[in-house]
K.L.:
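Here it is, the structure in full.
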Amino acid sequence: MNIRYKSTRNSDSTVTASEAILKGLAEDGGLFVPEQIPKLSVSVDELRGMSYQETAYTVMKEFLTDFTEEELRECIRKAYDSKFDTEEIVPIVNVDGVYYLELFHGATIAFKDMALSILPHLLTVSAKKNRVENEIVILTATSGDTGKAAMAGFADVEGTRIIVFYPKNGVSKIQELQMATQKGKNVAVVAIHGNFDSAQSGVKAMFENKELAEELNTHGYQFSSANSINIGRLVPQVAYYVYAYGKLLEQGQIRSGEEINVVVPTGNFGNILAAYYAKQMGIPIGRLICASNENKVLFDFFRTGAYDKKHREFVLTTSPSMDILISSNLERLIYQIAGCDDKKNAELMSALQKEGVYEITEDMKAGLLDFEAGYATEEQTASMIHEVYEKTGYVMDTHTAVAAYVCREYQARTKDTAKCVIASTASPYKFVKSVMSSIDGSYAAQDEFSLLEELKKVSGRELPSAIREILHADILHTLECDVDNMEQTVRNLLDL
């Protein structure tokens, strides 16, 4: 089956997978979605025993149908290699009857590595397939993890440049140092005086600026995205949920066809949307449980059907990658539950942009039955880290702890006995101060970097190479700008 892609805001024309990856965002501001979610070409029993690379190919070939087998297998080979610190790429750890899908064993110790290790290869192949001669400028906003993972993936990749915007004082010290020390002649990092939503809105505005696009083209550039709005980011994420099911079968933890629940700490909605796509492909997933921190715009949406970013305060939390009030990938789900009605979706997204709020219809609410939602306060997140460590010795990061708390609350409330897989999205080393302070309050007064050795003792995990490398690295990026100066900053960086 040849899968083509259309915009969530205009279904009149379609593009190939490689064209969608190159563009990143549709010209009308919509997101690219497949005309239909393909089914897996193998049974769930056949997933048993597959390597991660084999599973990734099995999933991705169904979505990226204009890639040859040789092209796709080569992209996968280059992506999922020794840069991951475990041979299985994504270990699954059983902790007190809950299964943690550890997505943080890549080069930057966060789940973004799973997709951003392969996106540069998908993008360069796409450029060749479409005879692109312009230099591709990856323009990305980050709440902490995407930026570093994208820079690590694209650093010194021929024919590309990458510019990353992140919120000053809105990421952990480790995250900021990871970005500030990133090497690569084609890499630029900019701290904005604002929050992640401001950075994301500024980036989307540049993508939608037709005059800027023409000016870029004149100078031999074109934008593309490494955010999860790029379908080339989303499709690789589907693979690890499929892999998780195969591994649980292989380990004898579940029976063939048995439904599992998936709990995902959620900010921009891409990671849980990937689980939804895995279910649509045929993986027996029961409930998709959306876990929020105190910025609980998604929790309120699933509870009421109203998405309201206007009437709420933006909260800085210890799980900063989820400090988001505009969950961009939710648009893909909204489009689907609207019956793939591009005009209805465009109307709702326009309301969000102009009024800061929209409400879905009763018919659309019926399309959300696969989803549950919960949230954890800062106190509940910290207590979860402490309790799980005291009971089992397992140490998790703050984002994973949000999901773990929501999982426990969901099980207690519903009495649902289905096995739960939690997407563990970051290494505890990435948020070491918050993690160690949760385990023992006496650590709160210590410096973030002095706690690294303490975490090593407590967790029994070796210091990841991603941390060792930055401790004595030179600071290479110090550029800052106001939100309303983002476009001019890009112009300056590209010498326009």
Side-chain angles (χ1 to χ4, degrees), residues 93 95-104 110-111 143-145 170-172 196 261-269 271-272 287-304 312-325 327 371-416 420-444 448 451 455 458-459:
V93 182
V95 181
D96 200 25
V98 176
Y99 299 88
Y100 289 80
L101 185 64
E102 293 189 344
L103 301 169
F104 54 77
F111 82 99
S143 55
D145 288 335
V171 300
S172 76
F196 169 74
N261 292 332
V262 174
V263 191
V264 186
T266 309
N268 219 13
F269 206 75
N271 205 5
I272 194 166
R287 312 303 281 168
L288 296 149
I289 303 168
C290 177
S292 298
N293 64 16
E294 289 185 6
N295 292 291
K296 55 187 182 70
V297 63
L298 286 167
F299 169 78
D300 290 336
F301 167 73
F302 281 110
R303 188 170 52 87
T304 67
R312 67 179 67 239
E313 183 184 351
F314 181 87
V315 184
L316 287 173
T317 73
T318 54
S319 46
S321 298
M322 299 160 65
D323 291 347
I324 294 172
L325 296 183
S327 299
F371 291 88
E372 288 279 345
Y375 75 96
T377 65
E378 287 288 86
E379 292 75 21
Q380 289 162 342
T381 302
S383 68
M384 198 70 200
I385 293 171
H386 178 84
E387 289 172 30
V388 172
Y389 172 71
E390 286 293 319
K391 186 174 183 180
T392 69
Y394 187 74
V395 180
M396 68 182 79
D397 91 294
T398 46
H399 303 74
T400 306
V402 168
Y405 177 85
V406 169
C407 178
R408 186 176 70 179
E409 185 277 332
Y410 167 79
Q411 290 175 320
R413 174 169 50 86
T414 65
K415 311 303 181 197
D416 187 342
C420 277
V421 171
I422 290 176
S424 183
T425 53
S427 166
Y429 279 103
K430 201 148 195 172
F431 304 95
V432 59
K433 185 158 187 174
S434 297
V435 169
M436 292 303 293
S437 300
S438 300
I439 289 173
D440 186 333
S442 65
Y443 288 119
E448 193 161 344
L451 289 172
L455 178 54
V458 164
S459 68

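The first residue in the sequence is number 1, and the count goes up from there.
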K.L.:
What pair of heavy atoms forms the shortest contact from Cys290 to Val406, and how long is it?
P.N.:
O-CG1, 4.5 Å
K.L.:
Any idea how Tyr100 and Tyr394 line up, ring-wise: parallel (<30°), tilted (30 to 60°), or perpendicular (>60°)?
P.N.:
tilted
K.L.:
Can you tell me which residue pairs pass the salt bridge (charged side-chain N to carboxylate O under 4.0 Å, His left out) test with a partner in residues 424-434, sequence neighbours excluded?
P.N.:
Asp145-Lys430
K.L.:
Scan residues 373-382 for pairs that pass salt bridge (charged side-chain N to carboxylate O under 4.0 Å, His left out), counting only residues two or more places apart or in two chains.
P.N.:
none
K.L.:
Give a yes-or-no answer on whether the side chains of Ser424 and Thr400 include a donor-acceptor pair shorter than 3.5 Å.
P.N.:
yes
K.L.:
Checking Asn295 side chain against Phe314 main chain: does a donor-acceptor pair fall under 3.5 Å?
P.N.:
no
K.L.:
Do Phe431 and Pro320 touch side chain to side chain, with heavy atoms closer than 4.5 Å?
P.N.:
yes
K.L.:
Among residues two or more places apart or on two chains, list those pairs meeting salt bridge (charged side-chain N to carboxylate O under 4.0 Å, His left out) that have a residue in residues 389-402.
P.N.:
Asp96-Lys391
K.L.:
Which of these passes side-chain contact (heavy atoms from CB on, under 4.5 Å) with Pro428: Ile439, Val458, Val395, Thr398?
P.N.:
Val395
K.L.:
Return yes if a side-chain donor-acceptor contact under 3.5 Å exists between Tyr410 and Glu372, otherwise no.
P.N.:
no
K.L.:
Apply side-chain hydrogen bond (donor to acceptor under 3.5 Å, both in side chains) to Asp300 and list each qualifying residue two or more places apart in sequence or on a separate chain.
P.N.:
Lys296, Arg303, Arg312
K.L.:
Could you tell me if the side chain of Val93 sits less than 4.5 Å from the side chain of Glu102, heavy atoms only?
P.N.:
yes
K.L.:
Quick one: closest heavy-atom pair of Phe269 and Ser327, and the distance?
P.N.:
CB-CB, 4.2 Å
K.L.:
Return the CG to CD distance between Asn293 and Gln380, rounded to the nearest 0.5 Å.
P.N.:
11.5 Å
K.L.:
Run the side-chain hydrogen bond (donor to acceptor under 3.5 Å, both in side chains) test against Thr381 and tell me which residues pass, sequence neighbours left out.
P.N.:
none
K.L.:
Just wondering, more than 12 heavy atoms not from Tyr375 lying within 6.0 Å of its OH?
P.N.:
no
K.L.:
Please assess Thr392 against Val388 for the test side-chain contact (heavy atoms from CB on, under 4.5 Å), listing each intermediate value before the final yes or no.
P.N.:
CA-CA 6 Å; Thr392 69; Val388 172; 3.6 Å; yes
K.L.:
Mark yes or no for whether His399, through its side chain, and Ala426, through its backbone, hold a donor-acceptor pair below 3.5 Å.
P.N.:
no
K.L.:
For Val264, is there any backbone N or O sitting under 3.5 Å from a side-chain donor or acceptor partner on Thr266?
P.N.:
yes
K.L.:
Test of understanding: with side chain to side chain contact (heavy atoms under 4.5 Å, CB included), list the residues that count as partners of Ala382, not counting sequence neighbours.
P.N.:
Ser438
